[in-house]
Every structure is written in C-alpha cells, then in structure tokens.
Amino acid sequence: MAMPWMYAGRRWVATRDLQLLRYPEKSAVAQPVTAGCYISTYWITDGRYADHMKWTVAINRRLNRDARVYQDRTHVFTAFQDHEATVYRDGAAGPRDFHALDHPYAGLVVEIVDSDSAEQRAELVEWLRGRHLPRRLTGSPTAMVTVFRPTPLPGDRMTYVKQVEGVDTRLTLLWFLETDPRECWDAHFTGLDTAVAESGLGEVQFVAPFIPTVPGTDRYVDRLR
C-alpha cells in the first residue's frame, strides 16, 4: 500500500475448510484446485497502470536484493487486470466498487471464467452483466460483483511470476460478501460452473472462497493445512 497510485488493498485467506470448497476439480488456474492460501487484492488509479508497473518492478528488485521478499511460496494466480463491469445487488444503495476493499466485507469469492475467443468474451460480459449476475445477486449475501479482464505483465517482471494467461479470453469475477462464505456456500455458490456452461459462452476454471486476514497477526496460520 506504500506504492504510488495504489489507493486501496485487502488481504484474504483460505483456511483448509475453505480450500476444500473450491471447484472444479480440474482447474486451469490451480493444480490442484486447493493450491494457494492467500490472495491480496488492490485497486490502482485509472490511467496510472504503466507508471505503477515501472515503480513496482524497480522496488521489487531493490527488495529482493535486500532479502526483504519472502521466497518460500508459490504464485498460483498473479495478475493485473482492467475493470470491465460491476453489478450491484442493491442498485444505487450501498458502497460503490471503489469502496469494496475498504468496506468490512466478511468474505470474497474469486471466480475465473475462460471463453473461446475475444468475441465470445464480449458476449460473456454482456450475459454476466445483463442476466446471470442480477439473478444471482437478488436476495443473496453478495453486495456486488466486479468483473475484470487480465492485462499482460511487463517483460521485466520478477522471474518467479509467470506471464498472465488468457489476456484475450479470460475474465475474473470478485464476489464481495456480507457474510462468511461458509454460511451461504451451498445456497448461493454451488453450480456457478453449470450456469456458465449452459450459456455456451465460457467455462469456469476456478471458484474459491476467502475470508479477510487480520493484519499484524498470525491468525489462521495454523489452519491452512
């Protein structure tokens, strides 16, 4: 959060019981689908992506040289993404998407969907925005869903971070929940892959619930495995 043009951020964790809720079993994102315990989400000021990337690549080189980067980890899904759409459960009421990482949401569900082409992805966005997400949000504990499309990482990125896949065909959805995802999983989050498959517009590669970490503590560390 000390980096320029990054104006909001939050870190989330998947304890073992949350990891076991993930699907589909065969995922193009995580192998196995339970891989990965933590995810950090950040909002970057519009129009400042290139500036931010120059700064972050340079500072990460410095931090690595100073042995200040924890290396005993695996990057399962690291990507910078452009905002495509936001669908709200309550219309104009409630926090906006740019508030989402500051608002005390109790859970996050990350959904990743692949389409067959850039043209099909555009159709998928319209289906999500106009039909699928409004139906799913009605009467649910999800306040909003933000939809993003990935953008390539710079060539001079850190070598341990692989290049982003699916730049022209993938979407990432962030579901912001007002309750713990374990309390509503069966009722609201099973079957997302079936719904997308039935639309004929894509294939769900990853559905994963998280809860917020508690900064400055080791809470949940003993529940990851």
Side-chain angles (χ1 to χ4, degrees), residues 6-10 12 22-24 27-30 39-49 76-103 105 107-153 164-178 181 184 188-210:
M6 189 176 278
Y7 68 88
R10 203 170 189 195
W12 314 79
R22 296 177 184 175
Y23 66 91
S27 168
V29 174
I39 187 168
S40 296
T41 49
Y42 302 98
W43 292 166
I44 296 174
T45 306
D46 189 27
R48 289 293 195 171
Y49 172 73
V76 176
F77 182 68
T78 301
F80 285 79
Q81 312 214 11
D82 290 332
H83 179 254
E84 185 69 38
T86 299
V87 179
Y88 297 99
R89 182 193 59 202
D90 302 326
R96 299 295 85 187
D97 50 14
F98 47 84
H99 299 135
L101 300 182
D102 295 313
H103 189 78
Y105 286 116
L108 175 75
V109 173
V110 179
E111 179 185 5
I112 299 172
V113 186
D114 283 344
S115 56
D116 290 334
S117 65
E119 293 75 19
Q120 188 182 66
R121 184 175 71 176
E123 294 180 54
L124 176 62
V125 169
E126 291 308 309
W127 176 76
L128 289 169
R129 178 164 41 198
R131 298 178 58 189
H132 177 64
L133 294 179
R135 286 200 301 262
R136 284 276 179 170
L137 290 179
T138 300
S140 81
T142 302
M144 71 177 82
V145 181
T146 55
V147 183
F148 294 87
R149 46 185 169 80
T151 187
L153 291 170
V164 175
E165 299 174 342
V167 169
D168 296 318
T169 55
R170 177 167 286 178
L171 291 174
T172 299
L173 285 68
L174 302 180
W175 302 66
F176 290 93
L177 281 62
E178 294 173 328
C184 59
H188 294 284
F189 288 101
T190 57
L192 290 177
D193 52 346
T194 301
V196 172
E198 289 176 349
S199 76
L201 297 173
E203 181 179 3
V204 170
Q205 297 291 351
F206 193 61
V207 180
F210 296 84

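Below, all heavy atoms of this structure are taken into account, side chains as well, without hydrogens, waters or symmetry copies. These numbers were taken from a predicted model, which means no experiment stands behind them.
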Q) Does His83 reach the main-chain N or O of Ala85 with its side chain, forming a donor-acceptor pair under 3.5 Å? A) yes
Q.
Is the shortest side-chain heavy-atom distance between Tyr105 and Pro95 below 4.5 Å?
A. yes
Q.
Determine whether a donor-acceptor pair (N or O, by modelled atom type, separation under 3.5 Å) exists between the side chain of Trp12 and the backbone of Thr41.
A. no
Q) Do the non-hydrogen side-chain atoms of Val109 and Thr142 ever get within less than 4.5 Å of each other? A) no
**Q.** ring-ring contact (aromatic ring centres under 6.0 Å, His included) partner of Tyr49, the single match among Tyr42, Phe80, Trp43
**A.** Phe80
Q. Measuring from Gln81:CD to Ile44:CD1, what's the distance to the nearest 0.5 Å?
A. 11.0 Å
(Q) Could you tell me if the side chain of Trp127 sits less than 4.5 Å from the side chain of Val196, heavy atoms only? (A) yes
Q. Can you tell me how far the CZ atom of Arg10 sits from the NE2 atom of His103, to the nearest 0.5 Å?
A. 9.0 Å
Q: First locate atom CZ of Phe206, then atom CZ of Phe77, and finally report the distance between them rounded to the nearest 0.5 Å.
A: 8.5 Å
**Q.** Over-ring placement of Arg96 relative to Tyr88, 6.0 Å and 45° cut-offs
**A.** yes
Q.
Any heavy-atom pair between the side chains of Thr86 and Val145 that's under 4.5 Å?
A. no
Q. Roughly how far apart are Leu108 CG and Leu177 CG, rounded to 0.5 Å?
A. 7.5 Å
Q | Beyond-backbone contact of Leu192 with Arg136, side-chain heavy atoms, under 4.5 angstrom | A | yes
**Q.** All salt bridge (Lys or Arg N to Asp or Glu O under 4.0 Å) counterparts of Glu203, not counting sequence neighbours
**A.** none
Q: Keeping the roles fixed (side chain from Arg89, backbone from Gly139), state whether a donor-acceptor pair exists under 3.5 Å.
A: no
Q. Less than 4.5 Å apart, any side-chain heavy atom of Glu111 and any of Val204?
A. yes
Q: Keeping the roles fixed (side chain from Thr138, backbone from Pro134), state whether a donor-acceptor pair exists under 3.5 Å.
A: yes
Q | Backbone of Phe98 reached by a side-chain donor or acceptor of Tyr7 within 3.5 Å | A | no
**Q.** Nearest-0.5 Å distance that lies between atom OG1 in Thr78 and atom CD1 in Ile39
**A.** 8.5 Å
Q) Looking at side-chain heavy atoms only, is the closest gap between Pro141 and His188 below 4.5 Å? A) yes
Q) CD of Glu84 to OG1 of Thr146: how many Å apart, nearest 0.5 Å? A) 11.5 Å
Q. Heavy-atom distance under 4.5 Å between the side chains of Val147 and Arg129, does that happen here?
A. no
Q. Between the side chain of Thr172 and the main-chain N/O of Ile112, is any donor-acceptor distance below 3.5 Å?
A. no
